[in-house]
Participant: 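Sharing a structure with you now.
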Amino acid sequence: METRTFGTLAEVERAAARVRGLHAKLRGYDPDTGRYFRIDEPSGLLWVHCAEIDSYVDVGRRAGIVDDADADTYVAENVRAAEILGLDPAIVPASRAELAAYFRRVRPELRMTDEARRGVGGLLQPRGEAPRSVKLAISTVAAAAVATLPRWARRIYGLPGLPTTDLGTALTLRAARPAVRMLLPESSAPPRMQEARRQIRAAALADLGRAS
């Protein structure tokens with residue numbers, strides 16, 4: 001993610017080539033059909049891309065980090081991210097409206113599986129030898145993450161899909177934003193990220209200067 005966002009074109013191409021190489025070697029197994037399938041099938045890559053980008057955009061908007069216009073720009077910019085991992089850019093959503101249309105199209109194909117149930121259950125109730133404090137932190141973050149899912153997705157998991165949950169999650173995200181900044185100080189960021197933040201601050205000051 002860091003390379004994709006802040007790296008040079010050559011660095012991004014190298015990283016993407018490694019990921020494509022790993023994908024090409026991997027196969028999945030569908031117990032319902034008895035069929036093995038490639039991990040890099042377009043339908044699977046597109047699902048992962050859309051779920052990833054939609055979650056970033058949704059959390060960013062609800063936390064007050066980006067507005068609707070910024071969110072559309074982010075979705076459009078990430079078409080390139082999907083392309084370098086092997087997808088035809090013509091099939092990748094380039095706006096929030098296209099993302100929403102994609103999810104409306106695939107929702108009838110989605111269902112609860114034992115793998116999904118075990119995955120979420122393992123996050124909400126971690127097992128193993130980790131200290132109790134670590135398990136509590138994992139389950140707390142996981143619960144917040146599950147709460148950010150769209151209502152229809154929470155209902156698939158058998159969880160409440162209520163508007164009040166969405167409102168409470170949005171308020172939590174906005175309240176947590178200053179705390180996250182305190183926990184992740186500027187000095188902890190990689191050099192390229194620090195430079196990106198410097199440029200963002202400079203651009204914001206310039207906008208203020210022009211407005212005044």
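Just so it is clear, the structure is predicted and the values come from calculations on it, not from any experiment.
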Participant: Would you find more than 12 non-hydrogen atoms of other residues, nucleotides or ligands less than 6.0 Å from E52 atom CD?
Facilitator: yes
Participant: Between V12 and F6, is there shared hydrophobic-cluster membership here, with clusters defined by ILVMFWY side-chain heavy atoms closer than 4.5 Å?
Facilitator: no
Participant: Short question: side chain of E11, backbone of T8 - any donor-acceptor pair under 3.5 Å?
Facilitator: yes
Participant: Looking at CG of L123 and NZ of K135, how far apart are the two atoms once the value is rounded to the nearest 0.5 Å?
Facilitator: 13.5 Å
Participant: Looking at every heavy atom in both T3 and A15, which two are closest together, and how far apart are they?
Facilitator: CG2-CB, 4.1 Å
Participant: Hydrophobic clustering (ILVMFWY, side-chain heavy atoms < 4.5 Å, transitive) - are V106 and V92 grouped together?
Facilitator: yes
Participant: Could you check whether any side-chain heavy atom of L136 comes within less than 4.5 Å of a side-chain heavy atom of S139, counting everything from C-beta outward?
Facilitator: yes
Participant: Identify the heavy atoms of P126 and I138 that sit nearest to each other, and give their distance.
Facilitator: CG-CG2, 3.8 Å
Participant: With D70 as reference, evaluate V66, D72, D68 under the side-chain contact (heavy atoms from CB on, under 4.5 Å) test and give the passing residue.
Facilitator: V66
Participant: Quick one: do E83 and R80 make a salt bridge, cutoff under 4.0 Å?
Facilitator: yes
Participant: Hey, are the side chains of L85 and L45 touching, using non-hydrogen atoms and a 4.5 Å cut-off?
Facilitator: no
Participant: For the CZ atom on R27, are there more than 12 heavy atoms of other groups (residues, nucleotides or ligands in this structure) within a distance under 6.0 Å?
Facilitator: yes
Participant: Should Y102 and D54 be marked as a side chain to side chain contact (heavy atoms under 4.5 Å, CB included) after you check the CA-CA gap, both sets of side-chain angles, and the distance that decides it?
Facilitator: CA-CA 11 Å; Y102 167 79; D54 185 70; over 6 Å; no
Participant: When you group the ILVMFWY residues by side-chain heavy-atom contacts below 4.5 Å and let the links chain together, are V19 and L9 in the same group?
Facilitator: no
Participant: Nearest heavy-atom pair of H23 and I39: which atoms, and what distance?
Facilitator: O-CB, 4.0 Å
Participant: How close do I84 and R4 get, heavy atom to heavy atom, and via which atoms?
Facilitator: CD1-CG, 4.5 Å
Participant: Using a strict cut-off of less than 4.0 Å between a Lys/Arg side-chain nitrogen and an Asp/Glu carboxylate oxygen, indicate whether D40 and R20 qualify as a salt bridge.
Facilitator: no
Participant: Look at the aromatic rings of W47 and F103 and report parallel, tilted or perpendicular, splitting at 30° and 60°.
Facilitator: perpendicular
Participant: With clusters defined by side-chain heavy atoms of hydrophobic residues (ILVMFWY) lying less than 4.5 Å apart, directly or transitively, does L149 cluster with L124?
Facilitator: yes
Participant: Which heavy atom of V75 sits nearest to which heavy atom of S95, and what is that distance?
Facilitator: CG1-N, 3.4 Å
Participant: Can you name the nearest heavy-atom pair linking R105 to P108, along with the distance?
Facilitator: O-CD, 3.4 Å
Participant: Under a 3.5 Å distance rule, please check whether R35 uses its side chain to pair with a backbone N or O of D30 as donor and acceptor.
Facilitator: no
Participant: Measure the acute angle between the ring planes of Y56 and Y74, then classify it against the limits of 30° and 60° as parallel, tilted or perpendicular.
Facilitator: perpendicular
Participant: Drop me the distance from D58's CG to I53's CD1, to the nearest 0.5 angstrom.
Facilitator: 12.5 Å
Participant: Could you check whether any side-chain heavy atom of W152 comes within less than 4.5 Å of a side-chain heavy atom of L110, counting everything from C-beta outward?
Facilitator: yes
Participant: Is H49 close to N78 at the side-chain level, that is, under 4.5 Å between some pair of heavy atoms?
Facilitator: yes
Participant: From R104 CZ over to L99 CG, what is the distance, rounded to the nearest 0.5 angstrom?
Facilitator: 10.5 Å
Participant: According to a 4.5 Å side-chain heavy-atom criterion applied to Ile, Leu, Val, Met, Phe, Trp and Tyr, with indirect links allowed, do M1 and V79 form part of one hydrophobic cluster?
Facilitator: yes
